[in-house]
Amino acid sequence: MLEWAAEENAYIIEDDYDSEYRYDANPVPSLQSIDGNDRVIYIGTFSKSLSPSLRINYMVVPKHLLGAYHQMFSSYSSPVTWLTQEVLARFLRSGDYTRHVRRMCAVYRKRHDVFVQQLSKQFGPKIVLHGQGAGLHFLLEFSDGVHADRLILTAKKAGVRVYPVTPFWSVSEACPPNMLFAGYSLLNEGQIQEGIRLLKQAWAL
């Protein structure tokens with residue numbers, strides 16, 4: 001991809017969403033970090049590592065694009081207050097942000113592992129789990145003929161929230177009907193175990 005971008009005088013927009021959270025391997029380097037030709041525009045967010053309420057994202061652009069960026073956005077008024085930005089900047093410079101992410105990785109890894117173990121225990125091969133080892137959610141894939149909409153409704157009646165994946169597809173018609181989305185970041189290990197037990201009863205797969 002990097003070679004293609006250099007040859008075609010193109011740019012790659014790299015959205016490194018929730019890349020801070022990897023549990024089963026060393027972090028995968030970003031394209032931007034290994035790009036020797038300045039063809040990557042790197043964007044990220046603090047919504048998962050700190051709080052969605054901060055509403056702070058960031059972008060790292062190649063130096064030769066800075067002039068064009070400032071020309072286009074010189075009149076842009078950021079909705080994030082200068083005080084919030086300054087506090088975050090100091091948090092980053094102090095090293096406390098890095099330590100915070102390490103602590104949260106340890107917390108989320110335990111929840112991740114409990115989810116994987118319990119889902120395998122309760123459902124075995126009936127559910128294929130996508131997204132293991134990273135992030136704060138999974139995609140659950142069921143056998144053909146099983147429709148996620150029915151499973152989502154049944155789970156809600158049992159008191160468990162799982163979600164459709166259709167909003168994340170650029171073409172909704174191309175979205176597999178047998179997949180759904182489940183997060184675990186707001187649950188402790190006991191709640192994860194109980195939630196999967198309730199899903200087992202509700203879905204009766």
For residues [X] and [Y], report the shortest heavy-atom separation together with the two atoms involved.
X	Y	result
Ile196	Leu119	CD1-N, 3.8 Å
Val162	Ile152	O-CG2, 3.5 Å
Phe181	Pro164	CB-O, 4.3 Å

Legend entry - side chain to side chain contact (heavy atoms under 4.5 Å, CB included), paired with Asp113, selected from Arg111, Lys110, Arg109: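 The single option meeting the side chain to side chain contact (heavy atoms under 4.5 Å, CB included) with Asp113 is Arg109.
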Inset, instruction - Spell out, as yes or no, whether a donor-acceptor pair under 3.5 Å connects the side chain of Asn37 to the backbone of Ala6. - result: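 Absent.
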Inset, instruction - May I ask you to decide if Ala10's main-chain N or O and Arg39's side chain share a donor-acceptor pair within less than 3.5 Å? - result: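 Yes; judged by distance alone, with no hydrogens or angles, the pair exists.
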Inset, instruction - Is it possible for you to check whether Lys126 lies under 6.0 Å from the centre of the six-membered ring of Phe142, through NZ or CZ, and within 45° of that ring's axis? - result: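 Output no; distance or angle outside limits.
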Inset, instruction - Verify whether the ring centers belonging to Tyr108 and Tyr184 lie closer than 6.0 Å. - result: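 No, the ring of Tyr108 stays outside the 6.0 Å limit from the ring of Tyr184, centre to centre.
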Inset, instruction - For the pair Phe73 and Tyr76, name the ring-plane relationship: parallel under 30°, tilted 30 to 60°, perpendicular over 60°. - result: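 The arrangement is perpendicular - the two ring planes meet at more than 60°.
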Legend entry - Parallel, tilted or perpendicular: rings of His112 and Tyr23 (30°, 60°):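 Tilted: the ring planes of Tyr23 and His112 meet at 30° to 60°.
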Inset, instruction - Apply side-chain contact (heavy atoms from CB on, under 4.5 Å) to the pair Arg103 and Val107, showing each step before the final yes or no. - result: CA-CA 7 Å; Arg103 285 194 299 270; Val107 171; 5.8 Å; no
Inset, instruction - Show your working on side-chain contact (heavy atoms from CB on, under 4.5 Å) between Leu199 and Gln122 and close with a plain yes or no. - result: CA-CA 9 Å; Leu199 289 178; Gln122 296 289 353; over 6 Å; no
